[in-house]
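Here the structure comes first, spelled out in structure tokens, and everything after it is commentary.
These values consider heavy atoms only, across backbone and side chains, with no hydrogens, waters or symmetry-generated copies.
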Amino acid sequence: MLVISFIFCSLVVRLFVIQIINGNSLQLKATDQWTRDLAIVAPRGTIYDTTGSTLAVSYTTYNIYVRSREVTSPSHVATVLSSELGLEFSSVYEKVTNRKVSEVLIKMQVEGEQAERIYNYKLDGVYLAENSDRYYPNGNLMTQVLGFISIDNVGQTGVEAYYNDYLKGVDGYSYVQSDLQGKEIGGSLRYYFPAEVGNSLVLTLDSKMQLILEQALEQIMTEQKAKASAGLIMNAKTGEILALSNKPSFDLNDVPRDDLTTLFENSKVKIVTDIYEPGSTFKILTVAVALEEGLTSLEDSFYCPGYRIIDGERIKCWKTIGHGQQTLVEAFSNSCNCCFMDLALRLGVDKFYQYMEKFGLGKKTGVDIAGEGSGILMAKSQVRTVDLARMGFGHAVALTPVQLLCAVASVVNGGKYNVPTILSEVIGSDGSIKKVGTSAQDDIISSETSKMVNFLLEKAENKTGDYTFVEGYNVGGKTGTAQKYSDSGGIAQGKYISSFIGTYPADNPQYLVFIMVDEPSAGAYYGSIVAAPYGKIVFSELFEYLGEQKQDESVKINYVQMPNLVGLSLAEAGSSLKALNLYYELDGEGEFIVSQLPPAGTTIPEGTTVVLIT
């Protein structure tokens with residue numbers, strides 16, 4: 001009786017362990033042995049722009065599998081599959097006859113039409129499983145921002161990668177009962193668990209603004225023979241990115257995967273990932289800080305002989321003959337380096353770095369785009385007086401464009417710093433809003449300082465009178481030109497980055513437009529010549545799209561013919577241009593003009609900046 005009782009109790013304990021403790025895991029193992037499954041890949045969520053236009057959508061494709069133990073005519077199956085799918089017969093035949101594995105994948109992402117033809121052959125042992133692929137209605141629009149997916153339906157770059165966890169759905173499965181060899185048991189039960197579609201995203205991007213921007217960037221590539229171009233349109237009040245692109249790019253429906261180096265380079269959102277020395281556009285921040293600290297005023301006076309000697313080093317103004325005596329307003333419009341060296345030195349290293357930290361320079365902005373760079377600021381303890389002077393006009397500091405633009409936006413919008421974003425909201429498959437893109441705000445400068453900077457930006461671009469940068473509209477702006485550096489750290493001779501930052505309306509900016517031209521090679525490299533004109537194009541088309549009314553209908557821009565200045569002295573050429581209401585950038589330190597851009601006889605609007613080469 002004791003032995004029987006012991007055996008009985010042992011069996012009870014064993015049954016408890018099997019059925020209760022290990023029940024679930026054993027059930028899964030049993031199901032895996034009794035069935036064969038095919039994964040049903042979940043469709044990714046749709047991506048929309050802020051107007052509701054579709055930017056990326058999923059559609060059904062099919063994966064083709066073969067279970068070799070169920071194939072009755074391997075040669076026929078291999079012939080049909082290789083013919084329909086464009087594959088080598090020998091490779092397909094080897095998979096079809098390989099009985100060492102229960103199931104083998106023949107091809108992924110087969111289009112529906114092809115899959116239907118294969119299905120209609122009724123081939124034993126051939127199975128189709130639902131997959132999902134991506135279609136981008138606008139092709140090469142928003143290439144870098146949207147990004148693309150892998151053949152496994154995983155985001156690789158852009159929004160597709162950054163918000164992959166939102167966009168991907170939950171895969172489903174189709175199960176059939178099988179025998180010991182893995183063959184389907186005829187008449188047995190089938191189980192189907194449908195896939196759940198991923199969440200949809202609504203971006204802050206506007207497709208029409210994006211098209212306007214990208215057309216201008218393509219124009220730059222053609223006319224300025226640039227290595228690359230980039231641009232951004234931002235809501236200065238909120239930090240929402242309305243358009244963002246760089247060229248060259250590619251069609252998202254035909255991703256060039258054969259050259260991975262080029263693909264990687266053309267997939268980067270360079271305004272977010274790459275750093276550069278901003279040059280004169282940085283002067284917006286220098287003057288804002290100096291005004292905020294009460295170290296200068298609009299009526300302040302500066303003298304520019306064409307250089308400053310600091311720590312024994314001669315630092316030139318771009319206009320080597322000097323600007324002479326000028327007010328702050330004039331110095332900002334002239335982009336006088338001497339003025340901004342003075343302002344930086346008045347601030348001192350501690351105060352200058354205090355504000356650079358407030359502006360978020362040297363660290364990531366937190367924009368929701370993968371691969372953001374941090375920028376480079378020299379360690380404060382190592383900054384010499386000459387370094388600080390150079391920083392004042394945008395040299396000796398390296399930033400990502402998005403860092404600079406966020407800082408400028410905070411200067412012109414009344415003093416509020418916003419974290420930039422491209423996500424507006426996440427929408428669940430049931431229509432519920434799961435996340436709304438928001439941006440934190442911090443005070444950087446006062447609204448009074450912001451108004452003064454906006455006044456300076458307005459005067460800098462409308463040189464021939466009010467509302468003349470874009471005829472009848474109140475646009476402000478600043479251009480910049482910076483040398484590039486080689487991999488060894490030295491200056492890359494003849495290589496420049498030209499840029500333009502524009503604001504509208506100038507007195508209370510809502511929109512911020514940025515244009516960057518990397519290594520222009522059509523003869524000019526100054527930002528006022530190779531970047532600003534395309535900023536003007538973007539603003540003009542933007543106003544038409546938005547239905548913006550002119551602030552002053554009476555403003556008319558006059559056109560003049562570029563005179564022949566070759567052979568004249570710099571003073572004579574300057575006088576001739578001044579009489580025609582034209583401005584100039586100087587390339588060289590000689591006394592006589594040897595070349596000019598544009599050529600003599602070219603019709604150009606008053607207020608245009610031309611290049612004189614001495």
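- Side-chain atoms of Thr50 and Asp206 form no donor-acceptor pair, as typed in the model, at a separation below 3.5 Å.
- A donor-acceptor pair shorter than 3.5 Å cannot be found between the side chains of Asn418 and Thr238.
- Atom NZ of Lys208 sits in a sparse spot, with 12 or fewer heavy atoms from other residues, nucleotides or ligands closer than 6.0 Å.
- Note on Arg69 versus Glu103: no salt bridge recorded, every NZ/NE/NH1/NH2 to OD/OE distance being 4.0 Å or above.
- A salt bridge links Arg134 with Glu160; the closest basic N to acidic carboxylate O contact falls under 4.0 Å.
- With salt bridges taken as basic N to acidic carboxylate O contacts below 4.0 Å, one links Lys484 and Asp518.
- In this structure, a donor-acceptor pair under 3.5 Å is present between the side chains of Asp368 and Thr421.
- Side-chain atoms of Asn131 and Asn63 include a donor-acceptor pair closer than 3.5 Å.
- The environment of Asp259 atom CG is dense: over 12 non-hydrogen atoms of other residues, nucleotides or ligands sit within 6.0 angstrom.
- Between the side chains of Glu372 and Thr365, at least one donor-acceptor pair of N or O atoms lies under 3.5 Å.
- Remark: the Tyr119 side chain and the Gln114 side chain contain no N/O donor-acceptor pair separated by less than 3.5 Å.
- In this model, no donor atom of one side chain and acceptor atom of the other lie less than 3.5 Å apart for Gln224 and Tyr525.
- Applying the 6.0 Å contact sphere to NZ of Lys495 captures no more than 12 heavy atoms from other residues, nucleotides or ligands.
- Not a single donor-acceptor pair under 3.5 Å links the side chain of Ser424 to the backbone N or O of Thr204.
- The 12-atom threshold is not exceeded at CD of Glu116, counting heavy atoms of other residues, nucleotides or ligands nearer than 6.0 Å.
- Looking at Asn246 and Ile271, their side chains never come closer than 4.5 Å, going by heavy atoms from C-beta outward.
- In the model, Asp430 has a side-chain atom that pairs as donor or acceptor with a side-chain atom of Ser432 under 3.5 Å.
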